[in-house]
Amino acid sequence: MTNYHNFTPGRKTVTILFMVIFSMELAAGIYYGYFLDTKMGDAFARTANAYYVFFVEPPRFASVGLVWNPLPSMLQLPLVAFSQIWKPLVTHGIAAAIISSLFAAASVVVLFKTFLKLNISLKLTFIIISLYATNPFIFFYGFNGMSEGLTFFFMIYAVSCLVLWMKEGAAHYIMRIAFALALAFFCRYEAIPFAAAIGVGVLIIIFFGPAVKAFAPQGQLKETYYYAEGTAIVLYTPLLFAVFLWVMFNWLISGNPLYFLNSAYSNSAYASLLNGGVETPWELFRNVVWEKSAPFIPGFAGLVIVRSIRRNLFKHDFFVLLIMVLAVILFHYLMLLSGSSYGWLRFFSYVLPITVAWLPYEITQTNQEVPTRKLILQGILVMSLLVSWGLTLSTLENPQKSVEEHISMETTESRRIAEYINENLQEEKVLMDSLRTGEILVNIDNMSNIVVTASPDFYESLEKPHKLGITYLLVPNPEEGAGSLDALNARYPNLYAGREEWCEQEVTFEGFKLFRVIY
């Protein structure tokens with residue numbers, strides 16, 4: 001069997017590479033969060049969930065929530081625990097930035113080690129991983145605390161193990177992919193279509209790939225089937241167990257096994273706020289899927305060009321990559337068709353890390369060419385990543401094409417509300433739904449008298465606020481954003497308008513009203 005271990009990098013080299021990327025990402029994250037005071041909503045939601053674990057009474061792990069995949073919040077717990085010493089860890093998103101920066105650096109290390117393990121030159125390796133690490137979109141999502149940065153890592157790790165398995169056929173790579181898929185699921189639900197694509201790819205490789213056949217009996221279809229069956233069991237057991245755990249946690253804690261899917265805080269609930277579009281499937285594909293995917297596709301397009309030149313486009317291994325690339329894009333296209341997706345730019349970005357993780361395998365094929373032809377082919381791959389670099393920069397600079405990336409959470413009014421509570425309501429028991437008030441909650445000094453969604457008595461307090469000692473209610477404007485999903489607005493539709501006799505309006509803030517319970 002071919003030996004692919006000639007260029008295993010030393011620990012010092014890997015450590016330096018990791019620290020360089022981590023330092024760059026974290027510096028940008030601190031500047032973005034602390035000095036610019038900017039946060040992306042979904043990144044903050046993960047941090048807030050971690051905050052509730054420690055500071056919502058009573059402290060308990062269940063407060064991490066049952067809608068957002070829990071791993072990004074869980075990883076922040078050690079950092080959030082110190083937020084009472086340095087509040088910006090939470091209020092300015094620094095904890096999230098640290099975690100996403102760590103995974104951004106780890107992604108580059110995995111790529112680096114895989115490239116060298118497949119005997120790709122150090123110069124070409126550094127060129128490619130530099131183009132990936134500094135790609136404006138990848139770099140931005142490396143420091144902004146979003147869960148995509150973590151998911152990119154697990155996808156890169158899975159694809160890297162897949163290409164090494166294709167080359168070597170060693171079963172331990174399948175085990176590594178299996179745990180990467182399970183952990184990816186605890187970051188984002190896109191792990192499900194990606195895992196399905198990996199599984200199809202593994203089957204294609206088993207039945208058509210030359211390297212893996214060395215581990216399965218030759219000329220015996222039945223034995224090959226058994227080998228495929230065993231591989232599938234190993235591949236999917238951790239993921240299925242992860243899904244089972246998530247469903248059971250939802251069931252045991254909320255009483256609804258599909259709480260993450262159909263609760264008032266789920267993605268489907270948020271999607272209900274979308275204005276009903278009239279776009280046809282073709283218009284959705286052209287105006288959303290294609291436009292949002294375009295900055296991330298050039299690397300894959302360059303690979304197609306190289307394969308076309310080498311006349312090996314319609315080979316089994318290419319279809320493995322094609323299925324992985326299309327899986328998540330198709331998933332979000334179907335979500336758009338069903339009216340349950342906002343169609344954010346990041347939903348269509350996964351093709352880039354998947355393609356870059358595949359490149360070491362592709363480059364090993366071009367190494368068989370004569371020097372001049374090899375240089376041209378590898379140059380095409382590098383240029384394609386450079387084109388993607390430019391397109392992502394252009395897209396991120398355009399607010400129409402990257403809407404979410406240009407939306408920053410409003411912090412001034414939230415801190416003003418928190419300051420009012422800190423100064424005037426220290427001894428009062430305040431009820432609020434954390435759906436819209438997370439930014440307020442993390443700035444409150446004393447959480448012991450605050451009853452929020454994560455509190456065990458939240459729903460009882462919602463039904464009988466005066467009997468459970470609730471003295472104040474903080475309610476968001478139901479006409480703004482997701483305010484209509486707020487539990488107080490849902491339970492008391494006339495509350496914000498001031499038409500509930502059992503409470504009276506005390507203070508009006510921008511987007512919120514504070515009511516005092518009078519009986």
Side-chain angles (χ1 to χ4, degrees), residues 2 4 111 114-115 118-121 123-125 127-132 135 137-138 155-156 158-160 162-167 194 197-198 200-212 285-286 289-330 333 348-392 394-395:
T2 307
Y4 297 99
L111 288 171
T114 305
F115 270 79
L118 291 179
N119 289 344
I120 295 168
S121 73
K123 181 179 179 181
L124 181 59
T125 295
I127 290 174
I128 292 177
I129 65 172
S130 296
L131 285 173
Y132 175 77
N135 179 285
F137 183 91
I138 298 299
M155 285 185 169
I156 286 172
V159 176
S160 296
L162 181 66
V163 300
L164 290 171
W165 179 67
M166 290 169 65
K167 285 291 186 180
F194 177 68
I198 287 273
V200 173
V202 165
L203 290 178
I204 291 173
I205 295 164
I206 287 175
F207 285 99
F208 301 101
V212 180
F285 178 81
R286 181 190 61 198
V289 178
W290 174 251
E291 182 176 292
K292 299 296 175 67
S293 300
F296 311 106
I297 287 180
F300 177 75
L303 190 147
V304 171
I305 293 171
V306 167
R307 281 199 166 239
S308 298
I309 292 173
R310 298 188 68 239
R311 298 181 180 179
N312 68 341
L313 181 61
F314 299 107
K315 299 291 185 179
H316 77 278
D317 49 0
F318 173 74
F319 289 104
V320 174
L321 173 63
L322 180 64
I323 292 167
M324 289 192 294
V325 164
L326 292 179
V328 181
I329 293 177
L330 179 60
Y333 181 44
F348 303 94
S349 63
Y350 298 95
V351 58
L352 180 56
I354 290 171
T355 301
V356 172
W358 181 271
L359 281 182
Y361 174 81
E362 207 63 39
I363 292 172
T364 59
Q365 312 302 311
T366 65
N367 283 339
Q368 302 170 9
E369 303 286 349
V370 296
T372 303
R373 186 178 170 89
K374 168 184 164 183
L375 185 63
I376 293 172
L377 295 175
Q378 294 179 354
I380 292 173
L381 295 175
V382 170
M383 285 302 299
S384 68
L385 293 179
L386 192 58
V387 170
S388 181
W389 200 103
L391 287 177
T392 53
S394 174
T395 300

Checking side chain to side chain contact (heavy atoms under 4.5 Å, CB included) for the pair Thr364/Val163: CA distance, chi angles, key distance, verdict?
CA-CA 11 Å; Thr364 59; Val163 300; over 6 Å; no
Verdict with reasoning, Trp165 to Ile205, per side chain to side chain contact (heavy atoms under 4.5 Å, CB included):
CA-CA 10 Å; Trp165 179 67; Ile205 295 164; 3.6 Å; yes
Does the side chain to side chain contact (heavy atoms under 4.5 Å, CB included) test come out yes or no for Phe296 and Thr355, once each step is laid out?
CA-CA 9 Å; Phe296 311 106; Thr355 301; over 6 Å; no
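Screening residues 316-329 for salt bridge (Lys or Arg N to Asp or Glu O under 4.0 Å), with sequence neighbours left out, gives Arg307-Asp317. Screening residues 371-383 for salt bridge (Lys or Arg N to Asp or Glu O under 4.0 Å) gives Glu369-Arg373 as the qualifying pairs, with residues at least two apart or on separate chains. Applying the ring-ring contact (aromatic ring centres under 6.0 Å, His included) test to every pair with at least one member in residues 373-392, sequence neighbours left out, gives no pairs at all.
A distance of 10.0 Å separates CZ in Phe314 from CG in Leu322, rounded to the nearest 0.5 Å. Rounded to the nearest 0.5 Å, atoms CG (Asn135) and CG (Leu386) are 10.0 Å apart. Here the CG atom belonging to Leu131 is positioned 10.5 Å from the CG atom belonging to Leu359, to the nearest 0.5 angstrom. In this structure, the separation between CZ on Phe137 and CG on Leu391 is 13.5 Å, given to the nearest 0.5 Å.
Listed by chain and residue number, nothing satisfies the side chain to side chain contact (heavy atoms under 4.5 Å, CB included) test with Ser394 (two or more places apart in sequence, or in another chain). The side chain to side chain donor-acceptor pair (under 3.5 Å) test applied to Tyr350 returns Arg188, not counting sequence neighbours. For the side chain to side chain contact (heavy atoms under 4.5 Å, CB included) test, residues two or more places apart in sequence or in another chain that qualify with Pro360 are Thr114, Phe115, Leu118, Ile120. Checked against side chain to side chain donor-acceptor pair (under 3.5 Å), Glu291 has no partners two or more places apart in sequence or in another chain. Taking the ring-ring contact (aromatic ring centres under 6.0 Å, His included) definition, one finds that Tyr132 meets it with nothing, sequence neighbours left out. Legend: residues meeting side chain to side chain contact (heavy atoms under 4.5 Å, CB included) with Ile305, ordered by chain and number and at least two apart, are Ile309, Ile380. Residues passing the side chain to side chain donor-acceptor pair (under 3.5 Å) test with Asn367 are Gln378, sequence neighbours excluded. Residues satisfying the side chain to side chain donor-acceptor pair (under 3.5 Å) test with Tyr333, not counting sequence neighbours, are none. Remark: Arg286 pairs with Trp282, Glu283 by the side chain to side chain contact (heavy atoms under 4.5 Å, CB included) rule, at least two apart or across chains.
Taking the side chain as every heavy atom from C-beta outward, Val325 and Leu321 approach each other to under 4.5 Å. With a 4.5 Å cut-off on side-chain heavy atoms, Phe318 and Leu303 count as touching. The shortest distance between side-chain heavy atoms of Trp358 and Val320 falls below 4.5 Å. Between Phe194 and Ile354 there is a side-chain heavy-atom pair separated by less than 4.5 Å. Residues Ile128 and Leu111 are not in side-chain contact: their nearest non-hydrogen atoms beyond the backbone lie 4.5 Å or more apart. Between Met324 and Leu162 the shortest side-chain heavy-atom distance falls below 4.5 Å. Counting heavy atoms from C-beta on, the side chains of Val356 and Ile156 never come closer than 4.5 Å.
The minimum heavy-atom distance between Ser384 and Pro298, with the atom names listed, is CB-O, 3.2 Å. In terms of heavy atoms, Val306 sits closest to Leu377 at CG2-O, 3.5 Å. Across every non-hydrogen atom of Pro295 and Ser388, the tightest pair is O-OG, 2.6 Å. What you find for Ser293 and Phe348 is that their closest heavy atoms are OG-CB, 3.5 Å. Residues Lys167 and Tyr361 approach most closely at CE-CD1, 3.7 Å, considering heavy atoms.
Results of the side chain to side chain contact (heavy atoms under 4.5 Å, CB included) test with Ile204 over Val200, Ile206, Val202 single out Val200 as the only residue that passes.
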